[in-house]
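Bear in mind that the values here come from a model prediction, so they are computed numbers and not experimental data. Lettering of chains follows the sequences in order, A, B, ..., and the numbering in each one begins at 1.
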Protein chains: 2
Amino acid sequence: MSDIPGIDVLRALGDDHRLRAALVLRRHELCVCQIVELLQLAPSTVSKHLAILKDAGLVESRKRGRWVYYRAARKAALPTRVVNTIMTAFDETEQSRMDSRTLDQLLSMDPEKLCEKQRCP
Amino acid sequence: MSDIPGIDVLRALGDDHRLRAALVLRRHELCVCQIVELLQLAPSTVSKHLAILKDAGLVESRKRGRWVYYRAARKAALPTRVVNTIMTAFDETEQSRMDSRTLDQLLSMDPEKLCEKQRCP
DNA sequence: TCCTTATTTCGCCATATAACGAAATATGAA
DNA sequence: TTCATATTTCGTTATATGGCGAAATAAGGA
């Protein structure tokens, strides 16, 4: 369902628990049980959240004995400037370019005719 | 369900159709029927998406006759730098500060004891 | 006023998602 | 090898979300 590359990052961060986890993992490398304590959720739930963050490329993990440690990924961190930054980035996707071209066509059409077309297929 | 202020922006942008709409609205002011054509969705569906973007403060609307025009809000656009920017911004929220304090306590505890506590309530 | 029509709201359905507990997995320690 | 335990996977459930069509709303034009 994620057509646009990178949008999974927004979805990953669009959950309170995951955002909180992602934030603390920027400051400290933590094992799952510590995050369980912080978020007050079942271990299985936390594990899944961390997997989603990992799939989005936001965090990475390493195993030491029975513990698995997570930390922010070494590559990927909201007001006005932030939104602009996000939008600009997404603006470089293929979907955005396609939309721009489609839009050019739409703009050359009379909105009146557009609505008419939408009424009568 | 949105405890953390600003996270609704991420959720709003975390949908392909809404992201595409938000992007084109940064370039052009458009009426609903034009966005309907671009996204190829039912007018009612588009209307709902636009309301979500509006609630998140990403777009604004004005009514001219029977048409409603939407455009990017005059205040609030992914690579590494973007994610860092997002994270830094969210890091200034109260929830993040609370988490930091909680974390300080957690870090002073033996993870072993933490896990033990989680086993036996 | 009455009709047409662009948009929104509402009700409904299908799917996605978050949460839990139980079972499976993996690994250190006895 | 056998036990204990940290984490993950799986199955289930409740809720959230995205989509549509029909009805409601609002505003220009006959």
Take A:His49 and B:Thr45, find for each the nucleotide of DNA chain C with the closest heavy atom, and name the residue whose nucleotide sits nearer the 5' end. B:Thr45
Here's a test of your reading of the structure: between B:Ser44 and A:Leu41, which maps to the more 5' nucleotide of DNA chain C? B:Ser44
Shortest non-hydrogen contact between A:Gly14 and B:Leu10, atoms and distance: CA-CB, 4.2 Å
Heavy atoms, side chains only, cut-off 4.5 Å: are A:Leu50 and A:Leu25 in contact? yes
Just N and O in the side chain of A:Lys63: are any of them under 4.0 Å from OP1 or OP2 of C:dT27? yes
Gap between atoms CZ and C1', on A:Arg20 and C:dA18 respectively (whole Å): 15 Å
At their closest point, which heavy atom of A:Val9 faces which heavy atom of A:Ala56, and how far apart are they? CG2-O, 3.6 Å
D:dG28 phosphate, OP1 or OP2: any side-chain N/O from B:Arg64 under 4.0 angstrom? no
Can you measure B:Ile52 atom CD1 to C:dT9 atom C1' for me and round it to whole angstrom units? 14 Å
For C:dT25, does either OP1 or OP2 sit under 4.0 Å from a side-chain N or O belonging to A:Arg66? no
Spacing between A:Leu53 atom CG and D:dT8 atom P, to the nearest angstrom: 12 Å
Take atom CG of A:Asp15 and atom C1' of C:dA16, then tell me their distance rounded to the nearest Å. 13 Å
Distance, rounded to the nearest Å, where A:Lys54 contributes NZ and D:dT7 contributes P: 13 Å
Proximal nucleotide (of C:dA18, C:dT4, D:dT8) relative to the A:Lys48 side chain: C:dA18
Could you tell me the separation between the CH2 atom of A:Trp67 and the P atom of D:dA4, rounded to a whole number of Å? 16 Å
For B:Ala12 and B:Leu58 the tightest heavy-atom approach is CB-CD1, 4.0 Å
Can you measure from CD1 (B:Ile7) to CZ (A:Arg18) and round to the nearest 0.5 angstrom? 9.0 Å
Below 4.0 angstrom from OP1 or OP2 of D:dA6, is there any side-chain N or O of A:Tyr70? no
Between P of C:dT17 and NE2 of A:His17, the distance in whole Å: 17 Å
What is the distance from CD of B:Glu37 to P of C:dA6, rounded to the nearest Å? 13 Å
